[in-house]
Amino acid sequence: MRDKLREIEGLTVARSAAFITVMFLITILAWNCDDAYHAYVMAKNLVNGNGFVYNIGERVNASTCPLFTLLVAGVYAVFGDMYLSGILTCLVCSGAAVWFVFFKFCKNYQSVLFTLLCLGGASGFVTYATSGLENCLLFLMTALFYFLAVRKEEYGKRDLFFIAFVIGVLMGARMDNVLIVAPAAFSIFFFAKKRNISIIKSVGVGIAGVFPFWMWEIFSVVYYGFLFPNTAYIKLGTGLPFTNYLSRGISYMITALFNDPILLLAPLLYGILAIAKKSRKHILFAAGAWCYLAYVVYIGGDFMLGRHLTVPFFSSVCGLTVLFGEETREERTRTLMTGVNMAAAACILFALSFGTIEGKRYLWTGDKYLMQCMDVADERGYYIPTTGLLAYLQTKDGDYEGAVTKTFNTVEVEEMLSREHPGGELLRGASGILVYYYLEGVHVYDAYGLADAFLARLPAVYDEHWRIGHMQRQIPAGYEETVVTGENCIEDENLRQFYDALSIVIKGDLWSWERFKMIWRMNTGYYDDLLGY
């Protein structure tokens with residue numbers, strides 16, 4: 001009995017030490033990326049009573065993560081400091097997710113070591129545990145999903161409702177991440193054992209449980225006029241050939257393989273071991289991670305190193321710790337776990353040596369195809385000198401050169417602000433930080449169409465060296481005058497007609513019958529022929 005208590009106490013100490021270590025790394029390297037400030041602009045406008053919008057007066061959703069943005073807005077309403085609100089929200093969500101893995105999934109010392117190596121050694125996970133993006137909330141929802149879904153073999157109404165609720169929040173945080181949990185969720189609601197509940201009722205409970213997502217979608221259609229955020233149109237509605245997206249997606253994976261290979265090793269190991277152990281439940285969980293990885297390749301990856309790989313990585317770490325915890329007394333399992341730990345350590349050493357030195361040199365100077373990897377950036381490495389938490393804490397009234405407001409060259413900012421904009425209210429293109437801190441009340445539009453619903457729906461201009469998420473649109477003749485004056489001055493007849501219809505949706509009377517008619521037409525492709533696709 002005493003030996004058992006000592007083992008429990010020792011495991012608790014190990015978990016606590018590992019948890020503190022990971023959270024120390026996440027906190028000491030906490031930062032905000034520039035893209036986070038696009039969502040922060042919307043959060044600030046909401047709290048200030050200007051609507052949940054980017055450009056005041058236009059109902060356009062420029063955030064990929066609406067529920068996370070609302071969460072940050074709530075914290076900002078309390079504290080009044082957007083930077084610290086974003087950092088605090090990220091640390092709480094990521095901290096809760098990490099706590100779940102260590103204290104709910106790790107059942108032995110080997111799994112604690114594995115989780116410590118993976119979460120502490122994966123640069124991508126540490127990076128996007130903060131950053132101001134939605135990853136942290138996705139980590140927490142993924143951990144909760146595993147906790148609710150794995151621990152039981154039979155489900156009641158309450159179990160199904162809470163599982164569905166977690167999925168609803170996850171989809172509200174980022175819609176496409178439902179792929180990670182979809183195979184397991186489908187199996188649970190349709191094929192798993194139920195307590196006094198039929199399949200039809202279980203599906204009904206599931207539909208009711210995801211109400212956070214349905215509520216958001218209803219609000220999105222009524223308020224913005226569309227089911228999807230504007231960012232979906234700028235990234236996927238380009239008209240560029242699929243082969244271009246595919247090549248960028250493969251490049252994204254190759255870059256991660258050199259710079260942070262453990263992000264891909266964890267899903268690979270999870271899939272192999274789940275199949276080897278013939279665990280249907282874990283095979284489905286692993287399938288979700290791989291479905292999402294395939295989707296990432298399909299959409300062309302991203303320009304942020306590792307960003308879209310962190311959630312399938314984290315879900316795989318959850319799955320692996322649960323998988324090994326189910327057979328804690330098997331010697332073969334412990335031996336295999338030792339091998340897995342060694343593989344994780346080898347990945348980390350590879351990333352710190354060959355991956356960051358010879359790997360980068362090869363990617364930058366090798367085959368022309370791999371030169372596309374130059375478009376994938378280490379965002380934290382670039383921004384942390386000014387947006388890092390440690391730099392921010394050393395600021396005083398923004399005087400310290402490491403302040404967030406000093407991220408970009410201040411001379412260039414002053415020159416930009418001194419330019420005579422048409423009408424005194426128009427700026428063509430700006431980063432998130434500049435918009436948040438310098439351009440309040442200035443109408444921002446750019447060739448990428450981030451917050452511009454009209455430009456986002458135009459075909460992208462083909463460029464051999466285009467960067468994912470940064471596909472430029474050709475500014476139609478007369479569009480600047482249109483934005484400044486509020487009158488449709490677009491020269492192209494078809495585009496002028498499309499703009500008029502779109503304006504009714506994003507600027508018209510919120511509850512007018514004409515606007516709802518236009519919403520239906522816009523979402524059913526009635527005006528698509530006018531765009532030249």
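Between the CD1 atom of I468 and the OG atom of S251 there is a distance of 11.0 Å, given to the nearest 0.5 Å. With rounding to the nearest 0.5 Å, the separation of OG1 in T64 from CD in E134 is 4.0 Å. The line from OG1 of T387 to CD1 of I87 is 7.5 Å long, rounded to the nearest 0.5 Å. In this structure, CG in N230 is found 9.5 Å from CG in L455, a value given to the nearest 0.5 Å. Within the model, atoms CZ of F226 and CZ of R59 stand 11.0 Å from one another, a figure rounded to the nearest 0.5 Å. N259 CG to I262 CD1: the interatomic distance, rounded to the nearest 0.5 Å, is 14.0 Å.
Residues P476 and F454 are in side-chain contact: their nearest non-hydrogen atoms beyond the backbone lie under 4.5 Å apart. Looking at heavy atoms from C-beta onward, H38 lies in side-chain contact with D35 at the 4.5 angstrom threshold. Within the 4.5 Å cutoff, the side chain of M471 has no heavy atoms near those of the Y448 side chain. When side chains are defined from C-beta on, L305 does not count as touching R380, because their heavy atoms never get closer than 4.5 Å. Here the side chains of L67 and L70 are in contact, with some heavy-atom distance below 4.5 Å. Between F165 and V169 the shortest side-chain heavy-atom distance falls below 4.5 Å. Side-chain contact check for N177 versus Y292: some heavy-atom pair is nearer than 4.5 Å. The shortest side-chain heavy-atom distance between L29 and T130 does not fall under the 4.5 Å cut-off.
For the residue pair P183 and A287, the shortest heavy atom distance occurs at CG-C, 4.3 Å. Residues L450 and T231 approach most closely at CD1-CG2, 3.8 Å, considering heavy atoms. R473 and I234 get closest at one heavy-atom pair: NH1-O, 3.1 Å. Considering all non-hydrogen atoms of both residues, L502 and M522 come closest at N-CE, 3.3 Å. For the pair L264 and A256, the tightest heavy-atom approach, listed with the atom from each and the gap, is CD1-CB, 4.5 Å. In this structure, V60 and A453 approach most closely via the heavy-atom pair CG2-CB, 3.9 Å.
Under a cutoff of 6.0 Å and an axis angle of 45°, R174 and Y128 do not form a cation-pi pair. Geometrically, K44 does not engage Y76 in a cation-pi contact, judged by NZ or CZ lying under 6.0 Å from the ring centre and within 45° of the ring axis.
A donor atom on one side chain and an acceptor atom on the other are not found under 3.5 Å apart for Y392 and N32.
Counting only distance, with no hydrogens or angles, the side chain of D492 and the backbone of L495 share a donor-acceptor pair below 3.5 Å. When atom types are taken as modelled, the side chain of Q394 and the backbone of L390 share a donor-acceptor pair closer than 3.5 angstrom. A donor-acceptor pair under 3.5 Å is formed between the side chain of D34 and the backbone N or O of I433. A donor-acceptor contact shorter than 3.5 Å is absent between the side chain of N48 and the backbone of N50. Side-chain atoms of R515 come within 3.5 Å of backbone N or O of V222 as a donor-acceptor pair. Between the side chain of T482 and the backbone N or O of C489 there is at least one donor-acceptor pair closer than 3.5 Å. One N or O on the side chain of W290 and one on the backbone of P267 form a donor-acceptor pair closer than 3.5 Å. Side chain of N135 to main chain of C90: no donor-acceptor pair is present (N/O by atom type, distance under 3.5 Å, no hydrogens or angles). Side-chain atoms of Y83 come within 3.5 Å of backbone atoms of L389 as a donor-acceptor pair (strictly under, hydrogens ignored). Using a distance-only test at 3.5 Å, with no hydrogens or angles considered, a donor-acceptor pair links the side chain of D260 to the main chain of G124.
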Step-by-step salt bridge (charged side-chain N to carboxylate O under 4.0 Å, His left out) determination, E514 to K517: CA-CA 5 Å; E514 182 185 19; K517 182 173 69 174; over 6 Å; no
Stepwise side-chain contact (heavy atoms from CB on, under 4.5 Å) test for I490 and F498: CA-CA 10 Å; I490 300 173; F498 184 87; over 6 Å; no
Would V317 and F125 count as a side-chain contact (heavy atoms from CB on, under 4.5 Å) here? Give the steps. CA-CA 11 Å; V317 171; F125 175 78; over 6 Å; no
Verify side-chain contact (heavy atoms from CB on, under 4.5 Å) between M175 and E217, making sure each step is shown before the conclusion. CA-CA 10 Å; M175 198 181 304; E217 286 299 285; 3.6 Å; yes
For E379 and T127: C-alpha separation, side-chain torsions, deciding distance, then whether side-chain contact (heavy atoms from CB on, under 4.5 Å) applies. CA-CA 9 Å; E379 292 281 291; T127 294; 6.0 Å; no
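You'll find the ring centres of Y40 and Y37 inside the 6.0 Å limit. A ring-centre distance under 6.0 Å is not found for F303 and Y252. Here W214 and F211 keep their ring centres 6.0 angstrom or further from each other.
The number of heavy-atom neighbours closer than 6.0 Å to OH of Y526, taken from other residues, nucleotides and ligands shown, is 12 or below.
Taking the six-membered ring where tryptophan is involved, the planes of W216 and F52 are perpendicular, since the angle between them exceeds 60° and thus also 30°. The aromatic rings of F242 and Y298 sit tilted, their planes meeting at an angle between 30° and 60°. The aromatic rings of F228 and Y233 sit perpendicular to each other, their planes meeting at more than 60°, with 30° as the lower class boundary.
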